[in-house]
2 protein chains.
Amino acid sequence: MVDCYGMGGLIMHMTNRLDATFAALGDPTRRAILAMLLEDDMAVTDVAEPFEMSLAAISKHLMILMRAGLISQEKRGRVKWCKLEPDALRDVSVWMQGFGQFEPVNLDAFERFLESELPDESQT
Amino acid sequence: MVDCYGMGGLIMHMTNRLDATFAALGDPTRRAILAMLLEDDMAVTDVAEPFEMSLAAISKHLMILMRAGLISQEKRGRVKWCKLEPDALRDVSVWMQGFGQFEPVNLDAFERFLESELPDESQT
DNA sequence: AACATGCTTAACCGAATGGTTGACTGTTAC
DNA sequence: GTAACAGTCAACCATTCGGTTAAGCATGTT
């Protein structure tokens, strides 16, 4: 196999992180979770509430988001709080920006994305 | 299952496209292919050359990039040319930009990414 | 102590992913 | 026409993924 990584694993680490981040973002449930956390930090149970899916499944999704660095979790008492870590998107952003000049940030379009992906607002 | 999509499938279509794009970007081989195509259009065989992987495998990767809209393919004679379509990243960019202000485009960092992910340059 | 809450882990399942090889279809060259 | 080239398709395989249920572990509450 070609060594796509080089530099004795350093680049590989960066590449793996990019893999993890993109893969984490490739699931609509996980993007919805991120959109929810954009509004406020949340406990695991509250994150799970709007989804018709077991708590264990959400717990797995949160683990994937954690390993991708997209969120952090902090246990206070028996509640584990989830916090968005938007910095993890910087590498992704850097990688993407090389592929062209995108139109200046379109907040309207983003609002539509957010609304469409927030599961508890889409059934009204 | 919660209807995460709404609006009679329109949003679902957008969501699916976002899924497809992120998923396509989640594989290092495919990102390397995109980086190669950033330099120039290439025939399928030439895309496959630096990878130690069958032509059929590369053909599949290219199909995935096609369906994600990240590349286009045009057959001229018996050779199929692959062309980068950076516009497909716009939706992804819009989605991402909502999560925070990233530092202004860091071209140096991007160059490093590119070099690290070009498979035929990493073994020198 | 006993119980309820918050969350993770383990075992399992079906479907999707990423790769292989081999046969096949077009297209060009001789 | 025949041979070589460019690429896809089909069948297969191992692994991963996204979900389930059930059990288990901490932490609070009474």
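Quick note on labels: first sequence line is chain A, next is B, and so on, each numbered from 1.
Side-chain proximity of A/Val44 to C/dT8, D/dG18, C/dT27: nearest is C/dT8. Of the listed nucleotides (C/dT20, D/dG18, C/dC7), C/dC7 has the atom at the smallest distance from the side chain of A/Lys80. Listed candidates were D/dT21, D/dA26, C/dT20. Nearest to the side chain of A/Lys75 is D/dA26. If you check D/dT20, C/dT27, C/dG19 against the side chain of B/Arg78, the one that comes closest is C/dT27. The A/Lys60 side chain lies nearest to D/dG18 when the options are D/dT8, D/dT27, D/dG18. For A/Ile64, whose side chain is taken as the heavy atoms from C-beta onward, the closest listed nucleotide among D/dG18, D/dA6, D/dT20 is D/dG18.
Taking only side-chain nitrogens and oxygens, B/Ser59 comes nearer than 4.0 Å to OP1 or OP2 of D/dT8. Residue B/His61 places at least one side-chain N or O closer than 4.0 Å to OP1 or OP2 of C/dG19.
Nucleic acid contact for A/Ala43: sugar-phosphate only, since backbone atoms but no base atoms lie under 4.0 Å from a heavy atom of the residue. Residue-level contact check: B/Arg76 touches neither bases nor backbone, having no heavy atom under 4.0 Å from any strand.
Atom-to-atom, CG of A/Asp19 to C1' of D/dC17 comes out at 15 Å; the value is rounded to the nearest Å. Rounded to a whole Å, the CG atom of B/Asp27 is 15 Å from the C1' atom of D/dC17.
With a 4.5 Å cut-off on side-chain heavy atoms, B/Leu84 and B/Leu70 do not count as touching.
Along DNA chain D, the nucleotide closest to A/Gly77 and the one closest to A/Ala23 are compared, and the more 5′ of them pairs with A/Ala23.
For B/Arg31 (side chain) and B/Leu25 (main-chain N/O), a donor-acceptor pair under 3.5 Å exists by modelled atom type.
None of B/Asp41, B/Leu55, B/Ile33 except one satisfies the side-chain contact (heavy atoms from CB on, under 4.5 Å) rule with B/Val47; the exception is B/Ile33.
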Item to complete: Using the side-chain contact (heavy atoms from CB on, under 4.5 Å) rule, take B/Trp81 and B/Gln73 through it: C-alpha gap first, then chi angles, then the decisive distance, then the call.
Response: CA-CA 5 Å; B/Trp81 292 91; B/Gln73 292 181 304; over 6 Å; no

